[in-house]
Amino acid sequence: MDRMISSFRKASSRVVWAYSLCIVILAFCSYLIGGNVAPKNIFIVTWMFLCIDIVSTVFLFLDGNKNWARMPFWIKKLISMPFLLAIAVTGIMNFGEVKGNLKTNLTIVVLCFGIGYLVSSMIVYFIEKKQTDKMNDALSMIQKEIAKEDE
């Protein structure tokens, strides 16, 4: 249970910035088209945040599983992508102005989500790789010092 709670905290801290950014973008776009931010849209974004938070918590919880931890980073991201894509498409398609031309809007949403997901996954990968490289460098320095002392 403690692992699940810590996974939820970690997932929430990662997703809350996206939630805030979505509210700001929603308000800005509504301002540009001369409309108001409808409470329904805020509830949809909140629903999306909670669903993405739950999916992220599950995948972070799986990181403790030996079989899951052995998988390469990109395979983990490919497995989680359809779940997040379903939430994003379902949520965005429920906004009032989006339903006008369904095929075009659906294509735009899927492309934007795919590009955003790939870019964010690459950023996370490089951040984790940088941290791992630092840790490996520190470990090799310690091993060299230990080897010097043994001589």
Side-chain angles (χ1 to χ4, degrees), residues 1-140:
M1 187 66 174
D2 290 336
R3 258 186 37 200
M4 184 63 98
I5 291 172
S6 68
S7 297
F8 181 75
R9 285 182 183 156
K10 190 174 182 181
S12 294
S13 67
R14 290 181 178 182
V15 177
V16 76
W17 66 268
Y19 173 73
S20 303
L21 187 63
C22 284
I23 297 295
V24 170
I25 290 172
L26 180 65
F28 182 71
C29 291
S30 292
Y31 173 76
L32 286 179
I33 63 172
N36 294 325
V37 177
K40 172 190 158 199
N41 294 344
I42 301 298
F43 287 123
I44 291 171
V45 171
T46 304
W47 171 82
M48 288 170 61
F49 165 72
L50 292 174
C51 290
I52 288 173
D53 201 14
I54 290 168
V55 169
S56 298
T57 299
V58 169
F59 282 105
L60 281 173
F61 183 74
L62 285 175
D63 276 342
N65 186 341
K66 292 178 186 176
N67 294 332
W68 181 262
R70 279 189 244 150
M71 285 186 194
F73 180 83
W74 61 276
I75 291 179
K76 293 180 199 177
K77 289 298 180 181
L78 282 177
I79 291 171
S80 64
M81 186 173 153
F83 298 105
L84 298 173
L85 180 64
I87 295 166
V89 168
T90 304
I92 291 173
M93 286 297 142
N94 283 322
F95 288 134
E97 297 83 24
V98 176
K99 290 184 181 178
N101 190 354
L102 189 63
K103 288 183 183 179
T104 305
N105 291 335
L106 183 63
T107 305
I108 291 170
V109 168
V110 169
L111 285 175
C112 288
F113 178 83
I115 292 169
Y117 187 79
L118 290 175
V119 168
S120 66
S121 294
M122 287 173 42
I123 290 170
V124 168
Y125 173 74
F126 286 121
I127 289 171
E128 288 181 7
K129 186 176 182 325
K130 184 178 177 182
Q131 291 173 349
T132 304
D133 289 345
K134 280 184 182 179
M135 195 180 321
N136 288 339
D137 291 342
L139 182 61
S140 65

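The figures here come from the full heavy-atom set of this structure, side chains too, leaving out hydrogens, waters and symmetry mates. Start at 1 with the first residue, then count along the sequence.
- Here CG of Leu50 is found 10.0 Å from CH2 of Trp47. Values are rounded to the nearest 0.5 Å.
- When all heavy atoms of Phe83 and Val55 are compared, the closest pair comes out as CB-CG1, 4.0 Å.
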Exercise. Report the C-alpha separation of Leu139 and Met135 in whole Å, then their side-chain angles, then the decisive distance to 0.1 Å, and conclude whether the side-chain contact (heavy atoms from CB on, under 4.5 Å) test is met.
Key: CA-CA 6 Å; Leu139 182 61; Met135 195 180 321; 5.8 Å; no
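- Of the inter-residue distances, the one linking Lys129 atom NZ with Asn136 atom CG reads 9.0 Å to the nearest 0.5 angstrom.
- Heavy atoms only, all atoms of each residue included: Met71 and Lys76 are closest at O-CE, 3.3 Å.
- Note that CG of Asp137 is 10.5 Å distant from OG1 of Thr132, once rounded to the nearest 0.5 Å.
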